Structures are given as structure tokens and as C-alpha cells.
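These notes concern the structure reproduced below.
Along the sequence shown, residues carry numbers from 1. Everything numeric here is computed off the predicted structure, so don't read it as measured data. Just so you know, ligand 1 is whichever comes first in the structure, and atom 1 is the first atom listed for that ligand.
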Amino acid sequence: MGRVVILLGAPGAGKGTQAAQLSKNLGLAHISTGDLFRENLKNNTPLGDQAREFMNSGRLVPDALVIEMLFDRVSKPDCEVGYLLDGFPRTIPQAAALEEALGTDADVVALSIEIRDAAIIERATGRLLCRGCTAIYHRTFSPPAQAGVCGECGGELFQREDDQEEVVAKRLNVYHAETAPLVEYYSDRDLLVGVNGEQAPDQVTEALLAGLSASCAADDRGSN
Ligand code: ADP
Ligand code: ADP
Ligand code: ZN
């Protein structure tokens with residue numbers, strides 16, 4: 001097992017946007033548990049039916065379901081050299097399950113995209129996703145060239161059911177209660193790199209790549 005890069009951050013912090021860039025740059029498969037669930041919802045699979053209520057009300061899907069889905073996905077050949085996690089882990093039990101599964105083989109880094117709560121609502125409520133691919137847009141911050149149409153694949157853009165203001169507020173509470181403790185979890189293990197998420201997307205990408213290189217250099221020094 002190679003490299004496992006974890007993206008941490010509140011809903012709307014820019015994890016999906018950055019994961020698309022980092023995945024290209026690092027040559028790692030982009031694994032988004034939110035995208036995997038939305039695919040299951042769309043196809044009305046049994047897993048989608050189990051996850052729907054939790055997602056639409058802004059709650060987390062139970063750990064057992066998420067963990068099973070994630071391990072199934074990362075067992076595929078494209079993850080053999082490592083992978084980039086977007087939206088997982090989101091709870092301490094999920095992080096512990098990942099840590100146990102990886103053992104000491106993998107080179108793990110957690111990148112935390114930092115953003116104030118005040119900036120979250122505007123980001124999430126303006127978000128648009130493509131039905132055809134997983135491209136991410138924003139009504140004002142990153143609008144498509146043609147209204148309602150994906151510039152990557154021509155697909156139709158839509159607003160996520162859980163990106164309405166009340167549900168975003170609920171997700172933010174859940175984030176603080178269940179996911180924010182992961183920052184300390186990875187910091188305790190010396191695996192955390194924090195980056196300011198309130199800059200232009202390209203600048204955030206640069207900062208994340210710089211943070212990754214610095215953490216690799218520190219690893220190399222540590223192993224000498
Ligand atoms: P965001 O982009 O706002 O961070 P995601 O697309 O990652 O949201 O996730 C959407 C929803 O899918 C979450 O609110 C939650 O209901 C469910 N979900 C995704 N990943 C997880 C996870 N690791 N644990 C529990 N629920 C998850
Ligand atoms: P997450 O996956 O963390 O929920 P997304 O990557 O989906 O976040 O981004 C949430 C919304 O904010 C999207 O509409 C996206 O276009 C927009 N966005 C992402 N990064 C930035 C940024 N650096 N500045 C302004 N808007 C951004
Ligand atoms: Zn598209």
C-alpha cells in the first residue's frame with residue numbers, strides 16, 4: 001500500500017474541488033464517500049435507500065455502512081498504489097477503522113482545509129453539481145460558462161437536496177460535534193497539515209501541494 005491522503009474540512013470547505021486537482025497532480029484515485037452515496041441514491045440501491053434519510057436531513061450515515069462501502073471501493077485495483085480520501089473519515093470510529101486496516105504500511109497524511117463557519121453557508125448554498133460527471137460549480141464563485149450546463153461534459157447542473165440553508169446549518173453542527181475532533185486525532189499522530197481554505201481555489205491547491213511536500217521531506221528526515 002502506497003500513499004493515503006485524507007482531506008479534512010467542514011461541509012463546503014472545498015474538499016471536492018481540491019480533490020479533483022490533487023488527484024490529477026498526484027496520480028491518486030479520488031474517493032469521495034459523498035459521491036459514492038449519491039450514486040447509490042440515484043440508482044436506488046439498497047445502500048442508497050438506507051443512506052437517503054440520513055443524508056437529506058444533514059446527519060451522518062451510520063459508521064458501519066460507510067466503512068463497508070469505503071473498504072469495498074478502496075480494494076479495487078486503481079487504489080493499489082494509494083488513494084485520496086474526500087469526506088472520509090468523518091468520525092473517530094471511522095478513523096480508527098482506517099488506521100487498523102492500513103496498519104503501518106501506508107504513508108498517511110491528513111490535509112485540513114480551514115474555513116470560518118461564516119463562509120460555509122454561502123459556499124454550500126451556492127453549490128451546483130453536474131448530473132453527468134462529478135464536476136463542482138458555484139453560482140457566483142465559479143459559475144459555468146453556460147447557465148445550468150456542465151463545461152466538462154455538457155451534463156445538467158443541479159443543487160443538492162442537502163444544500164438548503166437549514167440543512168447546511170445542521171451539517172455544520174454535526175461537523176463540529178463529530179468530525180472536527182479528527183483534526184486533533186491526526187495532529188496527535190503528527191500526520192496533520194493545515195491550510196487556509198479562504199483563498200482562491202488555485203492558491204489553496206498550491207498550499208496543499210506545498211504542505212504535502214513539506215510533510216514528505218519531514219518523513220524522509222525522520223527515517224534517516
Ligand atoms: P460535503 O461536500 O458537504 O462535505 P459530502 O458530499 O461529503 O458532503 O457528504 C454528503 C452526505 O453524505 C453527508 O452529509 C453524510 O450524510 C453522508 N456522508 C458522506 N461521507 C460520510 C461519512 N464518511 N460518514 C458518514 N456520512 C457520510
Ligand atoms: P466540500 O467538498 O468540502 O463540501 P466543495 O469543493 O464542493 O466543498 O465546494 C463547496 C462550494 O464552494 C462549491 O460550490 C465550490 O465551487 C465552492 N468553492 C470551493 N473552493 C472555493 C474557494 N477556494 N473559493 C470560493 N469558492 C469555493
Ligand atoms: Zn459534467
Side-chain angles (χ1 to χ4, degrees), residues 6-22 30-41 47-48 50-71 73 85-95 97-98 111-115 119-144 146 148-163 167-168 170-175 178-179 182 195-208:
I6 298 166
L7 281 175
L8 294 176
K15 299 181 297 297
T17 301
Q18 294 305 323
Q21 300 308 316
L22 292 182
H30 171 192
I31 311 297
S32 157
T33 44
D35 284 346
L36 291 172
F37 279 128
R38 279 186 288 279
E39 194 64 30
N40 278 279
L41 247 55
L47 178 61
Q50 284 175 288
R52 183 171 286 112
E53 245 188 78
F54 294 102
M55 292 178 74
N56 288 348
S57 63
R59 284 175 294 160
L60 294 181
V61 177
D63 286 334
L65 291 178
V66 189
I67 290 169
E68 191 188 341
M69 176 182 75
L70 191 270
F71 287 147
R73 176 63 187 86
L85 289 173
D86 159 14
F88 184 98
R90 255 183 164 92
T91 63
I92 298 276
Q94 290 178 22
L98 179 67
L111 301 172
S112 171
I113 304 179
E114 296 159 358
I115 176 170
I120 291 288
I121 299 278
E122 201 181 11
R123 284 221 189 156
T125 57
R127 170 164 45 197
L128 296 171
L129 293 189
C130 174
R131 280 197 204 286
C133 64
T134 50
I136 304 166
Y137 296 87
H138 190 281
R139 284 184 215 282
T140 41
F141 302 143
S142 128
Q146 193 187 339
V149 180
C150 176
E152 305 285 327
C153 77
E156 181 201 0
L157 302 186
F158 74 102
Q159 182 177 30
R160 273 167 50 176
E161 177 107 19
D162 59 346
D163 274 342
V167 187
V168 176
K170 165 86 181 157
R171 285 159 56 207
L172 197 51
N173 287 335
V174 169
Y175 169 79
E178 310 228 30
T179 308
L182 293 179
V195 157
N196 173 17
E198 292 189 57
Q199 330 175 56
D202 288 353
Q203 288 177 292
V204 180
T205 307
E206 259 180 55
L208 289 169

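Smallest separation of non-hydrogen atoms from His30 and Gly16: CE1-O, 4.1 Å.
Proximity of Ala13 to ligand 2 is established by a heavy-atom distance of less than 4.0 Å. Contact between Ala10 and ligand 2 is present, with at least one heavy atom of the residue lying under 4.0 Å from the ligand. Residue-ligand proximity: Gly9 is placed with every non-hydrogen atom at 4.0 Å or more from ligand 2.
Nearest to atom 6 (O) of ligand 2 by heavy atom, out of Thr17, Leu8, Asp163, is Thr17. Taking only non-hydrogen atoms, the option from Leu128, Ile136, Leu129 nearest to atom 13 (C) of ligand 2 is Ile136. Looking at His138, Glu122, Arg123, it is Arg123 that brings a heavy atom closest to atom 18 (N) of ligand 2.
Residue contacts with ligand 1: Arg90 is placed with a nitrogen or oxygen under 3.5 Å of a nitrogen or oxygen of the ligand (distance criterion only). The shortest N/O to N/O separation between Arg38 and ligand 1 falls below 3.5 Å. The N/O atoms of Val61, backbone and side chain alike, include one that comes under 3.5 Å of an N/O atom in ligand 1. Residue-to-ligand polar distances place Gly87 within reach of ligand 1: an N/O pair is separated by less than 3.5 Å.
Atoms of ligand 1 lying under 4.0 Å from any heavy atom of Arg160, numbered from 1 in the order shown and given with element: 1 (P), 2 (O), 3 (O), 5 (P), 6 (O), 8 (O), 10 (C). Heavy-atom proximity to Tyr137, at under 4.0 Å, picks out these atoms of ligand 2: 13 (C), 14 (O), 16 (O).
The protein heavy atom nearest to atom 8 (O) of ligand 2 is Gly14 N, 3.1 Å. For atom 24 (N) of ligand 1, the closest non-hydrogen atom of the protein is Gln94 NE2, 2.9 Å. Looking only at heavy atoms of the protein, atom 15 (C) of ligand 1 is closest to Arg59 O, 3.6 Å. Distance from atom 12 (O) of ligand 1 to its nearest protein heavy atom, with residue and atom name: Met55 CE, 3.4 Å. Taking atom 7 (O) of ligand 2 as the reference point, the nearest protein heavy-atom neighbour is Arg127 NH1, 2.6 Å.
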